[in-house]
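After the structure tokens below, expect a handful of questions from me.
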Number of protein chains: 2
Amino acid sequence: MSPIDFAYSRSADAQGNAKGAGAKPDPAGEIHPCSACTVRTLTVCAALEAEELRRLAEILQTTRFDAGHTVFGEGEPADTLYNVTSGTVKVYKLLPDGRRQITGFLLPGDFFGLSVDDSYAYTAETVTPVSLCRFPRRRMEALLDEFPKMQRRLFSMASNELAAAQDQMLLLGRKTAKEKICSFLMLLSQRASRRGHKTNPVHVPMSRADIADYLGLTTETVSRTFTQLKTSRVISLLEGNKVQIQDMDDLLDLAEGA
Amino acid sequence: MSPIDFAYSRSADAQGNAKGAGAKPDPAGEIHPCSACTVRTLTVCAALEAEELRRLAEILQTTRFDAGHTVFGEGEPADTLYNVTSGTVKVYKLLPDGRRQITGFLLPGDFFGLSVDDSYAYTAETVTPVSLCRFPRRRMEALLDEFPKMQRRLFSMASNELAAAQDQMLLLGRKTAKEKICSFLMLLSQRASRRGHKTNPVHVPMSRADIADYLGLTTETVSRTFTQLKTSRVISLLEGNKVQIQDMDDLLDLAEGA
DNA sequence: CTCCGGCCATGATCTGGATCAAAGATCGGT
DNA sequence: ACCGATCTTTGATCCAGATCATGGCCGGAG
């Protein structure tokens, strides 16, 4: 049995196409940050009692950020837990000389900012414009003590992330550039699927540099590998940062070196 | 405040020197597996109530394995949670063609075998002779439901592992061979310190091949880098798989590329 | 004691991906 | 519509670490 069936919102996608103040009206319809956030968070916390939901809604606040905004930096006091309502967030660690490793991309429904320490262990920065729910850490902890079911859900999410982290270690330590890129595309496709979006022309909102820092490569190698995959008819690059996967099974094989 | 202050046993070290049936008597004194396990686990679960401890002790079973034994394989049904009592365990994932990534080395006090799925996501194999506590998954879950404090402790441990996993991703994706080896030695030293052992001539129980598969290198590169560090007087190799660190601060700088 | 099978070290060579360099795209701003 | 800044692609070259190959070491079995 899988304790982590945590339900992503099946509602209309309020994400991605928020390209600043475009002339045409937002096709997805503008949702008021607060209501969107509440809906999202409550969906994530499905299976909770009415009382728990009410109390959760009580403590959450909402914020919006443009693309490229640092939500918090590594080492800052960790006093807030975040949940992504719309958009994409990247979290990364740096070496003193500036080398960067992105440890994850966060999509709507994902939490971040949880820390076992007094301070954040990584930096969080927006990739696209995002809206976020903020949960003050103290009040969140109190709530967790009060409602074991929420604690359990958070634990499941952490376990899930741990499994994903192990997959990523295998990728970083042992896969070739081509396998890394294919794995990455598979991941994006699978995440889209779990969130109830169409999985094939998959949306890739992040830059080549971000992909490189996520996969332990350089932008040049990422770019070359994409064109290589395009040339060998495994994928095709569509406009609007979309990638069309020709054969999902081929891609999966390539991702595992088969 | 750090919710994960989970106390490692301060008792005598029952680990490491168990090199089969040696002629001389075990200097650390042979502890009966069962009692050792109970002590260890109870220490890990410090701050629990007497009732909780009693119930925990009730469900645990103990086992011993020789070096090189597979405790469970990736994909097998995940029905047991393990806690290391003595010895070292490695957990790893494989690619179809045999490439291997070790995602962690587990020391006394560490748990493994937790799964969000029906099956284990990785293989667990002993590095040295080990003794383990087994917790049947069903009964453990029931216990967690009953005692939120235990749930909380497990959550803290998962969060900690997650932070470690992120460090490891930075290492695998962005560090050079020398930085990787230095980071690895620092890690071993710090873990020894937290467990109340002497941190300097640090014990390295695993083979070059295991180190290579943990750091995303080859055995040759690991070997070469060790001799290089030895030549430049950063470390010296002692007998009995011990490594003497000449200057801890130097090593720390080398680990971060400073 | 010697033999054998893992490990470990070290040398020689090769190569995937990094680095260096320089055109095209794309996009926001005026 | 034009311009500069940023991102992406592509080419040429380099090099850290992989691969291939060999010999030494240690520990257990006969």
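What you see is a predicted model; the values in this text were computed from it and never measured. Chain A is the first sequence line, chain B the second, and so forth, proteins listed ahead of strands; every chain is numbered from 1. Only heavy atoms go into these numbers, but all of them, side chains included; no hydrogens, no water, no symmetry mates.
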Measure the distance from CG on A:Asn241 to P on D:dT8 and round it to the nearest whole Å.
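After rounding, the reported distance stands at 8 Å.
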
Looking at A:Asp66, I'd like to know if its CG atom is crowded, meaning that more than 12 non-hydrogen atoms belonging to other residues, nucleotides or ligands lie closer than 6.0 Å.
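No, the 6.0 Å shell around CG holds no more than 12 heavy atoms from other groups.
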
Under 4.0 Å between any heavy atoms, over every strand shown, what does B:Ser207 touch: base, sugar-phosphate, or nothing? Just pick one.
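Since only primed, P, OP1 and OP2 atoms lie under 4.0 Å of B:Ser207, the category is sugar-phosphate.
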
Test of ring centre spacing under 6.0 Å for B:Phe72 and B:Tyr82:
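Yes, ring centres under 6.0 Å apart.
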
I want to verify a distance call: between D:dA18, C:dA18, D:dT10, whose nearest atom is closest to the A:Glu220 side chain?
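Nucleotide nearest to A:Glu220's side chain: D:dT10.
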
Have a look at A:Gly216 and say if it touches a base, only the backbone sugar-phosphate, or nothing, with a 4.0 Å heavy-atom cut-off.
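Sugar-phosphate contact only - A:Gly216 comes under 4.0 Å of backbone atoms but never of a base.
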
Rounding to a whole Å, what distance do you find between A:Gln228:CD and D:dG11:P?
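Roughly 13 Å, once rounded to whole Å.
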
So B:Ser223, base contact, sugar-phosphate only, or nothing? Heavy-atom distance under 4.0 Å.
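Result for B:Ser223 = base.
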
Length of the line joining B:Met206:CE and C:dC8:P, which is rounded to integer Å
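Those two atoms, CE and P, are 12 Å apart.
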
Could you tell me whether the phosphate oxygens of D:dT9, OP1 or OP2, come under 4.0 Å of any side-chain nitrogen or oxygen in A:Arg208?
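Affirmative; the distance criterion is met.
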
Protein-nucleotide distance (B:Arg224, atom CZ; D:dA16, atom P), rounded to Å
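Taking atom P of D:dA16 as the reference, CZ of B:Arg224 is at 13 Å.
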
Taking the six-membered ring of A:Tyr214 as reference, does the cationic atom of A:Arg100 (NZ for Lys, CZ for Arg) lie under 6.0 Å from its centre and within 45° of its axis?
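No; the conditions do not both hold, so A:Arg100 does not lie above the ring face of A:Tyr214.
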
Length of the line joining B:Leu217:CG and D:dT19:P, which is rounded to integer Å
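That distance rounds to 11 Å.
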
Reading DNA chain C from 5' onward, which residue's closest nucleotide shows up sooner: B:Arg174 or B:Val222?
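Its nucleotide being nearer the 5' end, the pick is B:Val222.
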
Atom CG of A:Asp66 and atom P of C:dG28: how far apart are they, to the nearest Å?
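Rounded to the whole Å, the gap is 12 Å.
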
A:Thr218 side chain near C:dA18 phosphate (N/O to OP1/OP2, under 4.0 Å):
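Yes, because at least one side-chain N or O of A:Thr218 sits under 4.0 Å from OP1 or OP2 of C:dA18.
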
For the residue pair B:Arg191 and B:Phe105, would you count it as a cation-pi contact if the rule is NZ or CZ under 6.0 angstrom from the ring centre and within 45 degrees of the ring axis?
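No, B:Arg191 does not lie over the aromatic ring of B:Phe105.
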
What is the distance, rounded to the nearest whole Å, between atom CD1 of B:Ile181 and atom P of C:dC8?
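B:Ile181 atom CD1 is separated from C:dC8 atom P by 12 Å.
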
Does a donor on one side chain sit under 3.5 Å from an acceptor on the other, for A:Gln101 and A:Tyr92?
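There is no such pair between these side chains.
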
Below the 4.0 Å mark, does C:dA9 have OP1 or OP2 next to a side-chain nitrogen or oxygen of B:Thr227?
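Checking C:dA9 against B:Thr227, no side-chain N or O comes under 4.0 Å of OP1 or OP2.
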
Take the protein atom CG of A:Asp210 and the nucleotide atom P of D:dT6, then report the distance between them rounded to whole Å.
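These atoms are roughly 16 Å apart.
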
For B:Thr219, which contact category applies under a 4.0 Å heavy-atom criterion: base, sugar-phosphate, or nothing?
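It contacts nothing in the nucleic acid.
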
